[in-house]
Protein chains: 2
Amino acid sequence: MDPTVSLDLRVDRSSPVPLYFQLSQQLEAAIEHGTLTPGSLLGNEIELAARLGLSRPTVRQAIQSLVDKGLLVRRRGVGTQVVHSQVKRPLELSSLYDDLEAAGQRPATKVLVNTVVPASAAVAAALGVAEGGDVHRVERLRLAHGEPMAYLINHLPPGLLDLDTDQLEATGLYRLMRSAGITLHSARQSIGARGATAAEAERLTEAEGAPLLTMQRTTFDDTGRAVEFGDHTYRPGRYSFEFQLLVRP
Amino acid sequence: MDPTVSLDLRVDRSSPVPLYFQLSQQLEAAIEHGTLTPGSLLGNEIELAARLGLSRPTVRQAIQSLVDKGLLVRRRGVGTQVVHSQVKRPLELSSLYDDLEAAGQRPATKVLVNTVVPASAAVAAALGVAEGGDVHRVERLRLAHGEPMAYLINHLPPGLLDLDTDQLEATGLYRLMRSAGITLHSARQSIGARGATAAEAERLTEAEGAPLLTMQRTTFDDTGRAVEFGDHTYRPGRYSFEFQLLVRP
DNA sequence: AAGTGGTCTAGACCACTAA
DNA sequence: TAGTGGTCTAGACCACTTA
C-alpha cells in the first residue's frame with residue numbers, strides 16, 4: 001500500500017518557501033517521526049503530484065533532495081523506498097564547538113594566543129599567502145566540563161576577519177566566519193595520531209608520549225580562497241570523529 | 001567573456017548516455033584540464049542550451065551535478081563559476097585496499113582468521129543479528145611494501161557472501177561485496193586513537209602503548225541492512241585519513 | 001503487460017545582482 | 001534596467017522491474 005495517502009501532505013502556494021522544499025520537509029518530518037516507516041514504498045510520483053496539485057518535476061525535485069540526503073532510495077521499475085537504517089547526518093563540515101554544544105557538553109574556550117605572525121612555509125602554502133607575510137595566529141584550549149579536550153591552533157589570512165578574543169571565547173571560529181559573511185564551501189582534512197610532545201602533554205594534562213588524535217584542515221570559501229588552516233590535537237579518551245557518509249551513486 | 005564558447009561542446013543524441021551526463025562529463029573534463037580556468041564564468045544556461053540544441057532543464061541538470069560535486073558555484077544574478085580551489089574528491093566510502101593501490105603502494109593482505117563465530121553483544125548490535133548467532137569473522141593484516149600498515153577485524157552477517165581466503169588476499173572486502181551484487185549505501189564511522197595493547201603492538205611491529213589510529217565502521221546496503229562491521233587499527237606513521245568534504249548548501 | 005522511475009522538451013514567471 | 005539563476009508547468013517517450 002501507499003503510505004503517503006494517510007499523510008496529511010499539503011503545500012501553501014502563497015508561501016515564499018519553494019513548493020518542492022515544502023514537500024521535502026514534510027516527507028522528511030514523516031520519516032523522522034516514523035509515520036513513514038523504513039522500507040515502505042512511497043506512492044508513485046505522478047499520483048503524488050496529482051494529489052498535491054503539483055507537476056511531476058516539482059515532486060521529483062523534492063524526492064531527489066531526500067535521496068541526496070540518503071533518506072530515500074529510488075529503484076527503476078519498483079518505486080521509491082524509505083531507507084531502513086539509521087541515517088542521520090551525512091558528514092558535515094562540523095565545528096568542534098557546535099559538536100560539543102549539541103552533545104550538551106557546555107564547551108568553554110580559553111584563548112591563549114591571538115596575534116599576527118609571519119607565515120611559516122606550511123601555513124603560507126596552505127593559505128596561499130607569501131611566506132613570511134602577515135597571518136593571524138590563534139591558539140585555543142577547548143574544555144568540556146572543565147576538562148581539556150583539545151588544543152586548537154589556527155592560522156587565518158590577514159584582513160579576513162576581526163578576531164576578537166572575547167568573541168572567540170564565547171563561540172566557535174566557524175560561527176564567527178559565517179556571521180562575517182563568509183560562505184564556507186569545502187575543506188581538506190587529514191586525521192591521524194601521534195604521541196604527545198612534552199608541550200602538548202602539559203597543555204592537555206596528559207603524559208608525554210600519550211596517544212593524541214590529530215587533525216589538520218584547510219577550509220575554503222566559495223570563491224576558492226583558503227580562509228583557515230587548522231592544526232588540532234585531541235585527547236582520544238575524550239573525543240573521536242563520528243560521522244556518517246554516503247556512497248556516491 | 002564566456003569561456004565555454006571556445007569549448008568544443010557537443011552531444012550525441014544517438015548515444016544511450018543521457019544528454020545531461022554527456023554535457024557534465026565534458027565540462028568536468030574541461031575543468032580538470034584547465035581549459036575552464038578557476039574563477040571563470042560559464043555562459044548563461046539559456047545561451048548554452050541554445051548552442052547545444054538542448055532544453056534549459058537538461059543543461060541545468062548537467063550543471064547541478066557539478067555543483068553537487070563542488071566543482072561549480074552558482075550565484076543568482078551573477079552566473080555560474082568554476083570553483084577556485086583544489087577540489088578533488090568529496091569524501092567517499094573508501095576501501096583501504098583501493099586507497100593504497102591508487103597511491104601505488106601495492107597492497108598485500110594476509111588473512112589470519114576466516115571463520116564463523118557466535119556474535120558478541122557489540123557485533124550483534126552493529127549487524128542487527130541475535131547475540132550468540134553465527135557471524136563471519138575475518139582478521140587481516142594489510143601490508144604495503146612488505147611493512148604492516150593496519151590490522152583489520154571485520155564481522156559480516158551470515159549467508160551474505162562467500163568469504164574465500166584467496167579472494168580476500170587478492171582484493172579488498174568492498175570489491176568482493178560489490179561484485180556479489182551488494183549495493184553499498186552508507187556507513188557510520190568513528191575515528192579515534194589509543195595506545196596499542198601488547199597483542200596489537202606485536203601484530204603491527206610497534207611497541208606496547210604506541211599510539212594507534214583506530215576506526216570502527218558499520219556499512220549498510222541500500223535496503224538498510226548492515227553488511228559489515230569493522231574494527232581497524234592503523235599505524236599512524238604509515239597511514240592517516242585524508243578527505244575533502246563539502247558544506248551542505 | 002502494467003507500472004515504475006529516468007530523461008527530456010519548450011515554454012513561463014520570479015528574485016536577486018550589478019551597472 | 002538588464003541579465004542571471006531559481007522555480008514551476010504539462011506534457012512526452014524510454015528503460016527497467018515485476019508479475
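Values below: all heavy atoms of this structure, side chains included; hydrogens, waters and symmetry mates excluded. Predicted, not measured: the structure shown is a model, and the values here were computed from it. A note on names: the letters A, B, ... follow the listed sequences, proteins ahead of strands, and every chain is numbered from 1.
Computed from coordinates, the Asn44(A) CG to dA2(C) C1' distance equals 12 Å when rounded to whole Å. A straight line from CZ of Arg60(B) to C1' of dG5(D) spans 6 Å, rounded to a whole angstrom. One atom, CD of Gln61(B), and another, C1' of dC8(D), lie 16 Å apart when rounded to the nearest Å. Counting to the nearest Å, the P atom of dG6(D) and the CG atom of Asp68(B) are 12 Å from each other. Protein atom CZ of Arg74(B) is 15 Å distant from nucleotide atom C1' of dA15(C), rounded to whole Å. The interatomic distance linking Arg76(A) (CZ) with dT4(C) (P) rounds to 15 Å, in whole Å. Across the protein-nucleic acid pair, Arg13(A) atom CZ and dC14(C) atom P stand 13 Å apart, rounded to whole Å. Taking atom CZ on Arg56(B) and atom C1' on dG3(D), their separation rounds to 12 Å, with Å as the unit.
Minimum heavy-atom separation, Leu42(A) to Val82(A): CD1-CG2, 4.1 Å. The two atoms that bring Gln22(A) and Val11(A) nearest to each other are OE1-CA, 3.4 Å, heavy atoms only. For Tyr20(B) against Thr58(B), the heavy-atom pair with the smallest separation is CB-O, 3.6 Å. The nearest pair of heavy atoms linking Leu161(A) to Leu176(A) is CD1-O, 3.8 Å.
No side-chain N or O of Asp231(B) forms a donor-acceptor pair with one of His155(B) less than 3.5 Å apart.
Phosphate proximity of dT9(D) to Thr58(A): present, with a side-chain N or O under 4.0 Å from OP1 or OP2. For Tyr20(A) and dT7(D), the shortest distance from a side-chain N or O to OP1 or OP2 is below 4.0 Å. Taking 4.0 angstrom as the limit, Thr80(A) places a side-chain polar atom (N or O) nearer than this to OP1 or OP2 of dG5(C).
Of the residues near DNA chain D, Val17(A) and Gly77(A), the one whose nearest nucleotide (by heavy atom distance) lies more toward the 5' end is Val17(A). Both Val78(A) and Phe21(B) sit near DNA chain C, but only Val78(A) has its closest nucleotide nearer the 5' end. Looking at which nucleotide of DNA chain D each of Leu54(A) and Gln64(B) is closest to, the 5′-most match is held by Gln64(B).
Pro57(A) comes within 4.0 angstrom of a base, heavy atoms only. Arg75(B) comes within contact range of the sugar-phosphate backbone alone, with a heavy-atom separation under 4.0 Å but no base atom that close. Residue contacts shown for Ile46(A) are absent, as no nucleic acid heavy atom lies under 4.0 Å away.
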